[in-house]
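The next block holds one structure in the form of structure tokens; read it before the comments.
If you read the sequence from its start, that first residue is 1, and numbering goes on from there.
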Amino acid sequence: MDNYIHAALAFCDPKGTYSRHAAVVMASMFDNTKDKIFLHIIHDNTLSPYNREKLETTAENYGQRIEFINVESLLEGTSIDVSKLTIDGARGTLFRLLIPKLINEKKILYLDCDLIIDLDIADFWNEPLNGNTIGAVRDVWSLDYLEGTPVPWRYALAWEVMGIKQDSYFNAGVLVMDLDRIRSNYDFLKEVETFYDKYKKCITLADQDCLNYIFARDVQFLDHRYNRIDLENFPIEGHGSIWHMAGGAKPWTLCSKSKVDELYWHFLSKTAYCTGQDDLIPLMVSILAESPFMHRHSSNCIKRLKKQLADNIFRSHIWTVPYLLSMKFFGSRTRNKDIKK
């Protein structure tokens, strides 16, 4: 054992602005953790030399190890069909699903780039999986279901078709992955391709649905504090959770005045993007000025909003319902029979 905590971030950055958020995840994790961390950055050619240098410097400032894995060059030498593994060109989805192939470690933590790590990440790393392949936290719909709130009907129907129990759907933004078990017990990339071939017309959460399908009977559910989306319920003691800024409102797009927003800006000031507290306010103003919520809207904005609304309604909801119903009543619901040994 190399005595490192291995963690992975995976993202595309076509606008050159998303790397900052990855740096905040890094700084919040490094600042709260005493152990050595080996961070694996999975990216494509959209990661600019400028942003790569900022991420490297952030890790070096904390004395932590970092490596960059350019998926673009790796894919060129493989037979992997990218189109089958992604939906609507969401290449970042592909990167997360390739972790077992890309990183030759026994175990890894996968972390989304819209997180604040407000605990010692060793706590999460050391959670027992009790013979399961991944560790994850139930998503809000399953947590609400356990408290008596029904799952939204369309999601409930999709999960039924995919063989996922309503109390057992997990959020894939924070994961412990036993890579040895994935490689030995699963033909993982094949299962990913099979999933998309079969369910591409009825899913809305892409790789999260895929991972729930594959690991439906092979997940250790972990404490809610490791992936908290209820940002408004920040505890008085203010420490000991991983905060997940899932959804549309992020600190860099909209000032929600939550304590998690304050943590985001605090840890941004500790990255290589900010040389000190004196630089923080100008950087905040610059970042918020880029937000779609913070500019004067034009007719082009309205057109984009109409297109997005139509896409969300028709692709993700209306057109998927007939397919889901046909899968429920006429399609085979036999699942996972060849996934796990």
Show your reasoning for whether side chain to side chain contact (heavy atoms under 4.5 Å, CB included) applies to Trp265 and Val24. CA-CA 8 Å; Trp265 298 112; Val24 170; over 6 Å; no

Taking the side chain as every heavy atom from C-beta outward, state whether Ile69 and Glu67 have any atom pair closer than 4.5 Å. yes

Centres of the Phe11 and Phe95 rings: under 6.0 Å? no

Please examine the side chains of Ile229 and Asn171, heavy atoms only from C-beta on, and report whether any two atoms are closer than 4.5 Å. yes

May I ask you to test the Asp223-Val137 pair for a side-chain heavy-atom distance under 4.5 Å? no

Please lay out, stage by stage, how Ile37 and Tyr4 fare under the test side chain to side chain contact (heavy atoms under 4.5 Å, CB included). CA-CA 5 Å; Ile37 296 172; Tyr4 281 102; 5.7 Å; no

Can you see whether Phe221 has Arg138 sitting over its ring - NZ or CZ less than 6.0 Å from the centre and within 45° of the normal? yes

What I want to check is whether the side chains of Asn70 and Asn45 have a donor and an acceptor closer together than 3.5 Å. yes

Pairwise distance CG(Leu109) to CZ(Phe124) - rounded to 0.5 angstrom: 6.0 Å

Close side-chain approach of His6 and Ile103, heavy atoms under 4.5 Å: no

Ring centre gap for Phe38 and His40 strictly below 6.0 Å: yes

Output yes when a side-chain donor or acceptor of Thr33 lies under 3.5 Å from a complementary backbone atom of Asp35, and no otherwise. no

Do the side chain of Arg181 and the main chain of Gly131 share a donor and acceptor less than 3.5 angstrom apart? yes

Between Asp114 and His244, is any side-chain donor less than 3.5 angstrom from a side-chain acceptor? yes

Counting N and O atoms only, with roles assigned by atom type, does the side chain of Asp139 sit under 3.5 Å from a partner on the main chain of Ser142, one being a donor and the other an acceptor? no

About how many Å separate CG of Leu175 and CG of Leu211, when rounded to the nearest 0.5 Å? 6.5 Å

Could you pull out the closest heavy-atom pair between Gln64 and Phe30, with the gap in Å? CG-CD2, 3.5 Å

Can you tell which of Asn126, Ile121, Asp120 makes a side-chain contact (heavy atoms from CB on, under 4.5 Å) with Asp123? Asp120

Of the non-hydrogen atoms in Leu115 and Gly173, which two are nearest, and what is the gap between them? CD1-O, 4.0 Å

Distance in Å, Lys54 NZ paired with Glu56 CD, rounded so as to fall on 0.5 Å steps: 11.5 Å

Test your reading of the model: is there a side-chain donor-acceptor pair from His43 to the backbone of Cys12, 3.5 Å cut-off? no

Taking Asp144 for its side chain and Gly148 for its backbone only, find out whether a donor-acceptor pair lies under 3.5 Å. no

Just by modelled atom types, is the Tyr145 backbone N or O under 3.5 Å from a matching donor or acceptor in the Thr149 side chain? no

Minimum heavy-atom distance Gly163-Ala216, with the two atoms named: O-CB, 4.3 Å

Trace of the side chain to side chain contact (heavy atoms under 4.5 Å, CB included) decision for Lys36 with Ile5: CA-CA 6 Å; Lys36 294 190 299 180; Ile5 294 174; over 6 Å; no

SG-CD distance between Cys210 and Glu191, expressed to the nearest 0.5 angstrom: 9.0 Å

Are Trp243 and Lys259 close enough that some pair of their side-chain heavy atoms sits under 4.5 Å apart? no

State, with a plain yes or no, whether a side-chain heavy atom of Ile42 is found less than 4.5 Å away from one of Val71. yes

Is it the case that the side chain of Asn132 and the backbone of Leu129 share a donor-acceptor pair, with hydrogens and angles ignored and the cut-off at 3.5 Å? yes

Has the side chain of Tyr196 got a donor or acceptor atom that lies under 3.5 Å from a matching backbone atom of Asp207? yes

Using atom types as modelled and distance alone, determine if a side-chain donor or acceptor of Asn212 lies under 3.5 Å from a backbone N or O of Phe170. yes

What's the spacing between Thr133 OG1 and Asp178 CG if we round to 0.5 Å? 6.0 Å

Is there side-chain contact between Ile182 and Leu179, with at least one heavy-atom pair below 4.5 Å? yes

Drop me the distance from Phe68's CZ to Leu9's CG, to the nearest 0.5 angstrom. 10.0 Å

Kindly check if the number of other-residue, nucleotide or ligand heavy atoms within 6.0 Å of NZ (Lys165) is above 12? no

Quick one: do the Asp209 and Tyr199 side chains pair a donor with an acceptor below 3.5 Å? no

I would like to know whether Tyr50 and Ser19 meet side chain to side chain contact (heavy atoms under 4.5 Å, CB included); could you show each step before the answer? CA-CA 10 Å; Tyr50 170 80; Ser19 298; over 6 Å; no

Given Tyr186 and Phe215, is the ring-ring contact (aromatic ring centres under 6.0 Å, His included) satisfied, shown in steps? CA-CA 10 Å; Tyr186 294 82; Phe215 298 114; 5.1 Å; yes

Looking at Thr46, is its backbone amide N or carbonyl O close enough to the side chain of Asp13 to form a donor-acceptor pair, meaning the two atoms are under 3.5 Å apart? no

Between Leu39 and Ile41, which heavy-atom pair has the shortest distance, and what is it? CD2-CD1, 3.8 Å

